[in-house]
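Notes to accompany the following structure.
Here is how names work: the chains are called A, B, and so on, in the same order as the sequence lines, proteins then strands, and each is numbered from 1.
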Number of protein chains: 2
Amino acid sequence: MARPRSFDPDDVLEVARKVFLRKGYQAASLDEITAASGIAKPSLYAAFGDKSALFLRVLDRYHDGILGWAERVLAQPGPAHDVIRQWLTGFVPYCSGAKGSRGCLSINAATDGSLDQTEVRKSIERYNRRLEQLLRARLRADRAQFRKGFDPDLTAHTIMVVHTGLMTLAHQGSDAKQVQAVIDQVMTLLT
Amino acid sequence: MARPRSFDPDDVLEVARKVFLRKGYQAASLDEITAASGIAKPSLYAAFGDKSALFLRVLDRYHDGILGWAERVLAQPGPAHDVIRQWLTGFVPYCSGAKGSRGCLSINAATDGSLDQTEVRKSIERYNRRLEQLLRARLRADRAQFRKGFDPDLTAHTIMVVHTGLMTLAHQGSDAKQVQAVIDQVMTLLT
DNA sequence: TTCATTCTGTACTTTGTAGTACACAACTGG
DNA sequence: CCAGTTGTGTACTACAAAGTACAGAATGAA
């Protein structure tokens, strides 16, 4: 019973995600986001609150997307080795070449000192915890497929470390084949 | 034959390093650096140039420190496995607990989108290349110590990935024992 | 058609901070 | 002791960008 919104909030969040990914939190200006999305600043503030609240929305959305995909892939039947390799390989396009050269929004936020005392950090920690939990659950469930003495918890964490390393080094424009080779070498830890 | 400097440039670079590490490039203000170092802004500009030039000096200094240490450790006699493990273990205090929670200045700079088109990126790439080169050279030289088919180049890169992952995840305050466990697990790739 | 309500666009204020002008202080060579 | 040179401190300017006031537009309900 009033004037309706002239924009789709999801579209704006998507535009904002791209700007934040390209510039980082600090250097991304709201003027740039409003220009790219075509809406005016008061509309942005009315819909999402201030800059940090907007970023948090964008980041949570980003996290949910990756977690949803990970849940789907890691729930597939078959050897744990294969589904985890498939999961890691899915990141190759996002951590190599020009497409990957902006890195990962979550990691970029984690390494941004200006976001230290915000909700952002909690969101990132929750995301990392859930991702590792998915890996751990799968490795524990399928531990019979591995050698005696295999440590599913440690291995889940090591995979997280490798994943984080690949997504971080993406900023220097990694080669897709080399990324895949690293994944394959690390997968030999799952025996 | 003129008034001498009233400060040691190295001291100022050290102060600036701490501020940049804590706040990130953007959020670190020159006022904060001058306040912490006790010198005035015109002196800072006269000695180092503008903010980006100062950051580059700080970053190069940081890189040189780590590279120098890596050269020393990796040149030691003994099995390659042992010296590389020792080198990685040396990072544990810097990527765990409160001390490591600011992460690595180089990685923080690499993931900062606002520094994309600067000399900073070249400095980071050179640093990563040299570090990996040190690992590669040592693994190649000692390849006889490993199994047939051991790939020193790939393994050097994988170690870089793990190192980067550990330094990145340091932001969430990792547990030192867990970091060491990951290192030990990854070291099993060197056989 | 009219009213109440909510959204939109322009244009503004405010603030943090990078960078500098300028007068003065500290030193050295002669 | 003087002159020339370089560093220092105060105080300023310039500017970008976050956040907002306000007038007007777009809707649904009566």
Side-chain angles (χ1 to χ4, degrees), chain A residues 1-59 108-109 112-120, chain B residues 1-59 108-109 112-120:
Chain A
M1 67 186 249
R3 177 172 182 172
R5 273 214 177 105
S6 64
F7 61 91
D8 181 346
D10 274 359
D11 291 344
V12 175
L13 290 175
E14 187 59 18
V15 167
R17 184 187 64 76
K18 287 178 184 164
V19 176
F20 280 130
L21 183 61
R22 186 155 39 83
K23 297 284 193 101
Y25 175 74
Q26 289 275 334
S29 77
L30 295 185
D31 287 332
E32 190 170 357
I33 292 171
T34 54
S37 62
I39 73 172
K41 241 190 291 189
S43 299
L44 195 73
Y45 275 86
F48 305 107
D50 66 8
K51 188 180 181 181
S52 67
L54 171 64
F55 185 72
L56 195 59
R57 284 284 296 274
V58 167
L59 189 63
N108 296 357
D112 184 334
S114 71
L115 291 166
D116 261 1
Q117 266 86 26
T118 69
E119 290 289 319
V120 166
Chain B
M1 66 187 251
R3 177 171 180 172
R5 273 214 176 102
S6 65
F7 60 91
D8 180 347
D10 274 358
D11 291 345
V12 176
L13 290 174
E14 187 58 19
V15 167
R17 185 188 63 77
K18 286 180 183 162
V19 175
F20 280 129
L21 183 61
R22 186 155 39 82
K23 295 284 190 104
Y25 174 74
Q26 290 275 335
S29 78
L30 294 185
D31 286 333
E32 190 170 357
I33 292 171
T34 53
S37 62
I39 73 170
K41 244 192 289 189
S43 299
L44 196 71
Y45 275 85
F48 306 107
D50 66 8
K51 189 180 181 183
S52 67
L54 171 64
F55 185 72
L56 195 59
R57 283 284 296 274
V58 168
L59 189 64
N108 297 357
D112 184 334
S114 70
L115 292 166
D116 261 1
Q117 267 85 27
T118 68
E119 289 290 318
V120 166

- When every non-hydrogen atom of A47(A) is compared with those of R57(A), the smallest separation belongs to O-NH1, 4.4 Å
- Which pair of non-hydrogen atoms, one from D10(A) and one from D8(A), has the smallest distance, and what is that distance? N-OD1, 2.9 Å
- Query: What distance do Y25(B) atom OH and L54(B) atom CG have between them, rounded to the nearest 0.5 Å?
  - Reply: 8.5 Å
- Task: Please examine the side chains of D112(A) and D112(B), heavy atoms only from C-beta on, and report whether any two atoms are closer than 4.5 Å.
- Result: no
- When the distance from CZ of F55(A) to C1' of dA18(D) is rounded to whole Å, what number comes out? 17 Å
- Query: Taking atom C1' of dT5(C) as reference, at what distance in whole Å does atom CZ of R5(A) sit?
  - Reply: 14 Å
Donor-acceptor pairs under 3.5 Å, side chain of residues 28-38 of chain B to any protein atom, not counting sequence neighbours: which ones?
residue: S29(B); atom: OG; partner: E32(B); partner atom: N; Å: 3.1
residue: D31(B); atom: OD1; partner: K41(B); partner atom: NZ; Å: 3.2
residue: E32(B); atom: OE1; partner: K23(B); partner atom: NZ; Å: 3.3
residue: E32(B); atom: OE2; partner: R22(B); partner atom: NH1; Å: 3.4
residue: T34(B); atom: OG1; partner: L30(B); partner atom: O; Å: 3.0
residue: T34(B); atom: OG1; partner: D31(B); partner atom: O; Å: 2.9
residue: S37(B); atom: OG; partner: I33(B); partner atom: O; Å: 2.8
residue: S37(B); atom: OG; partner: T34(B); partner atom: O; Å: 3.4

- Item | Interatomic distance where CG belongs to L30(B) and P belongs to dT20(C) [whole Å] | 11 Å
- Message: Both conditions, 6.0 Å and 45 degrees, for the charged tip of K51(B) above the ring of F20(B): are they met here?
- Response: no
- Nearest 0.5 Å please: distance from the CD1 atom of I39(A) over to the CZ atom of F7(A). 4.5 Å
- Query: Where each residue is assigned the nucleotide of DNA chain C containing its nearest heavy atom, which of D31(B) and P4(A) is assigned the position nearer the 5′ end?
  - Reply: P4(A)
- Taking CG from L54(B) and P from dG19(C), how many angstroms apart are they, rounded to a whole number? 10 Å
- Nearest-0.5 Å distance, CG of residue L59(A) to CG of residue L21(A): 11.0 Å
- Give A28(A) one of three labels, base, sugar-phosphate or nothing, depending on what nucleic acid heavy atoms sit under 4.0 Å from its own. sugar-phosphate
Show the distances under 3.5 angstrom between N or O atoms of the protein and N or O atoms of nucleotides 23-25 of chain D.
residue: dA25(D); atom: N3; partner: R3(A); partner atom: NH1; Å: 3.0

- Given atom CG of D50(B) and atom P of dT20(C), what is their separation to the nearest angstrom? 8 Å
- Note on the structure: The correct set of residues in residues 32-45 of chain A placing a heavy atom under 4.0 Å from DNA chain D is K41(A), P42(A), Y45(A)
- Query: Please give, in whole Å, the distance from dA18(D) P to K51(A) NZ?
  - Reply: 4 Å
- Note on the structure: Rounding to the nearest 10°, end axes of the helix from dT1(C)-dA30(D) to dG30(C)-dC1(D) built from five pairs each make an angle of 10°
- Message: How many whole angstroms separate atom CZ of F48(B) from atom P of dT8(D)?
- Response: 11 Å
- Note on the structure: So, with a heavy-atom separation below 4.0 Å from DNA chain D, the residues of residues 6-16 of chain B are S6(B), F7(B)
Between the protein and nucleotides 1-3 of chain C, which nitrogen or oxygen pairs are less than 3.5 angstrom apart?
none

- What is the distance from atom OG1 of T118(A) to atom CZ of F55(A), rounded to the nearest 0.5 Å? 8.5 Å
- Item | Shortest non-hydrogen contact between V120(B) and A109(B), atoms and distance | CG1-CB, 4.2 Å
- Quick note, A2(B) side chain, CB onward, closest among dT5(D), dT27(D), dG19(D) is dT5(D)
